[in-house]
2 protein chains.
Amino acid sequence: MDTGPKIAQVAALIGDPARANMLSALMDGRTLTASELAYVSGVAPQTASGHLAKLSDAGLLGLEKRGRRRYFRLASPAVARVLEGLMVVAQEGPARQRNLWRGGETLRHARTCYDHMAGRIAVAIADRLVQQSFILLDEDGGQLTDAGRSFFDEVGVDLRLTSKRRVFCRPCLDWSERRPHLAGAVGAAILRHAFEHDWVEHVRDSRALVVTPAGVRELATAFGIRGAPPTDGRDGPVASLSRSRVTVIPVESASLGRR
Amino acid sequence: MDTGPKIAQVAALIGDPARANMLSALMDGRTLTASELAYVSGVAPQTASGHLAKLSDAGLLGLEKRGRRRYFRLASPAVARVLEGLMVVAQEGPARQRNLWRGGETLRHARTCYDHMAGRIAVAIADRLVQQSFILLDEDGGQLTDAGRSFFDEVGVDLRLTSKRRVFCRPCLDWSERRPHLAGAVGAAILRHAFEHDWVEHVRDSRALVVTPAGVRELATAFGIRGAPPTDGRDGPVASLSRSRVTVIPVESASLGRR
DNA sequence: GAAACACTACGGTCTTGGCCGAAGTATTCG
DNA sequence: CGAATACTTCGGCCAAGACCGTAGTGTTTC
């Protein structure tokens, strides 16, 4: 059984807080420079440089040199999937402290996950699409129906702008909601559309998204999602935000994961 | 972004070779005692005890006390999925040494993966089922067709003996073949059937499977898989086995992952 | 060409944590 | 009951590696 040591090597790389922070910061699919990654991981540039070398050598990060900067990104979706998986396990963790998790209300509401959307909003979107039979979603596999194709056409979400090689539609277990949202080409197309039409905006230096007024309107008309006011605050340790239990009405919450 | 430290904690747990070996040993869904896990991980019982305590506390392992023994198992499929994901990433790893991986030929041929089958044989089965349109398989999602239901009825694979709560059919990226095999209830049902009808047997103390003569016959008639002789050797560092490039004819190897 | 900038290499400190021997607590068996 | 078994706790040893100060290399800017 020589697989043990191999996975240990990779896991140990992710197992350092500084490196884990770097990887988390790259989860939204951005590319960041060594300096930026040093900042988010909270270590000195020299230390970060060492970490980044290890992560690149191991094939977890891709590297692009441009001028005097070095841009890093996650090497593959497989890496992103491991990270998401780790978040799920970390959340499941010891049952006792499961609900003490209150930080990052903005993150729980809406965020990017590699190249698609996650959080309450994203789960609500997935729910709606399933409820309307626009998408057939097994807990671990998805398929677009003809009705779904028309629907996306109507809304204006362009599904063609996608690499031929990538997975078309798959669910991705949301670590904050513990229910699936949409990943794959469809998930990416929705996020792209949301950005292009200013439905959402990135919170500075964060994977968190805020829903704009236009977004609220469009999400209501297109997806029937109500009660999703733009959280106008910043993320971070602002405790007051944590209390705003924004109610996203998931239309028919039992429609997913009923097996 | 407080998700970094959380995933680091979990990853660090998996990142120790001894613990990684323990987790790998449990990947086939078995339950093992503390002593057995100490043995497979290659450390003294006292050390293993500490590791197991940490893994249980973190919610990676489930624990059942029976008499003076303590039986451990993976706490959830989510944990197994993280481990599989790590194997994939570890394989992708640094491109240069990708094909130096020659050990464990038996493992590459057929093995259990949590509760279903993996390896060349399993990939061939998945290929066949897709080619015959018994299963619709997106690279990350699957669905059984009516024809597929009849087929499994005929072969005698009982799909009903499965927990209502679990995912019915999903692909699982095979870390040795780097193409998907079948997981979920369908994958589990096939493995169960294969065990019950002595198509395969576990290699002692290993996830590896050997295909029996009966298995060869049945795999050929039921699934059209030829050239799968029972590898009668043991796994381990027996170099001669590594050369037996058993040719499993995948019927139509392009039928999967064609997107 | 000099200064500023982005990043890397080296060397030494210091903490973390894995490891096992010895001893201690449950459980079973005769 | 006492011996054997399965496992845990404690304590001390030791190595791996994270960290940063200093000192580099390569690139851009003025």
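Residue numbers begin at 1 in each chain, while the letters A, B, ... track the order of the sequences.
- Here the P atom of nucleotide dA6(D) and the CG atom of Leu63(B) are 17 Å apart, to the nearest Å.
- You'll find that the side chain of Arg70(A) is closest to dT8(C), out of dA18(D), dT8(C), dA6(D).
- A close approach under 4.0 Å does not occur between any side-chain nitrogen or oxygen of Thr47(B) and OP1 or OP2 of dG18(C).
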Leu37(A) and Tyr71(A): CA distance, side-chain angles, deciding distance, side-chain contact (heavy atoms from CB on, under 4.5 Å) verdict: CA-CA 10 Å; Leu37(A) 288 168; Tyr71(A) 289 87; over 6 Å; no
Given the rule in the side-chain contact (heavy atoms from CB on, under 4.5 Å) test, do His193(B) and Trp199(B) qualify, once you have shown the distances and angles that lead to the verdict? CA-CA 8 Å; His193(B) 184 85; Trp199(B) 293 4; 3.7 Å; yes
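- Atom CZ of Arg69(A) is separated from atom C1' of dT8(C) by 17 Å (rounded to the nearest Å).
- Ranking dA6(D), dG17(D), dC19(C) by closeness to the Val43(B) side chain, first place goes to dC19(C).
- Ala75(A) pairs by the side chain to side chain contact (heavy atoms under 4.5 Å, CB included) definition with nothing, not counting sequence neighbours.
- Atom OH in Tyr39(B) sits roughly 19 Å away from atom C1' in dT5(D) (whole-Å rounding).
- The distance between atom CG of Asn21(A) and atom P of dC19(D), rounded to the nearest whole Å, is 10 Å.
- With rounding to whole Å, Lys54(B) atom NZ is found 13 Å from dT16(C) atom P.
- When the C1' atom of dT16(C) is taken as reference, atom CG of Leu13(B) falls 14 Å away, rounded to whole Å.
- Considering only side-chain N and O atoms, Arg19(B) lies under 4.0 angstrom from the phosphate OP1 or OP2 of dG18(C).
- The side chain of Asp16(A) lies closest to dC19(D), out of dA6(D), dT8(D), dC19(D).
- In terms of position on DNA chain D, the residue among Gly42(A) and Leu52(B) whose nearest nucleotide sits closer to the 5' end is Leu52(B).
- Remark: Thr33(A) engages Glu36(A) in a side chain to side chain donor-acceptor pair (under 3.5 Å) (not counting sequence neighbours).
- Considering only side-chain N and O atoms, His51(B) lies under 4.0 angstrom from the phosphate OP1 or OP2 of dC19(C).
- Taking the side chain as every heavy atom from C-beta outward, Met22(A) and His51(A) approach each other to under 4.5 Å.
- In this structure, the side chains of Ser24(A) and Ile7(B) come closer than 4.5 Å at one or more pairs of heavy atoms.
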Protein proximity profile, nucleotides 21-30 of chain D - base contact B, sugar-phosphate-only contact S, no contact -, cut-off 4.0 Å on heavy atoms: BB----BB--
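- In this structure, Lys65(B) atom NZ and dT25(C) atom C1' are separated by 12 Å, rounded to whole Å.
- Checked by atom type and distance alone, the side chain of Ser41(B) never pairs as donor or acceptor with a backbone atom of Asn21(B) at under 3.5 Å.
- Taking atom CD of Glu36(B) as the reference point, atom C1' of dT5(D) lies 14 Å away to the nearest angstrom.
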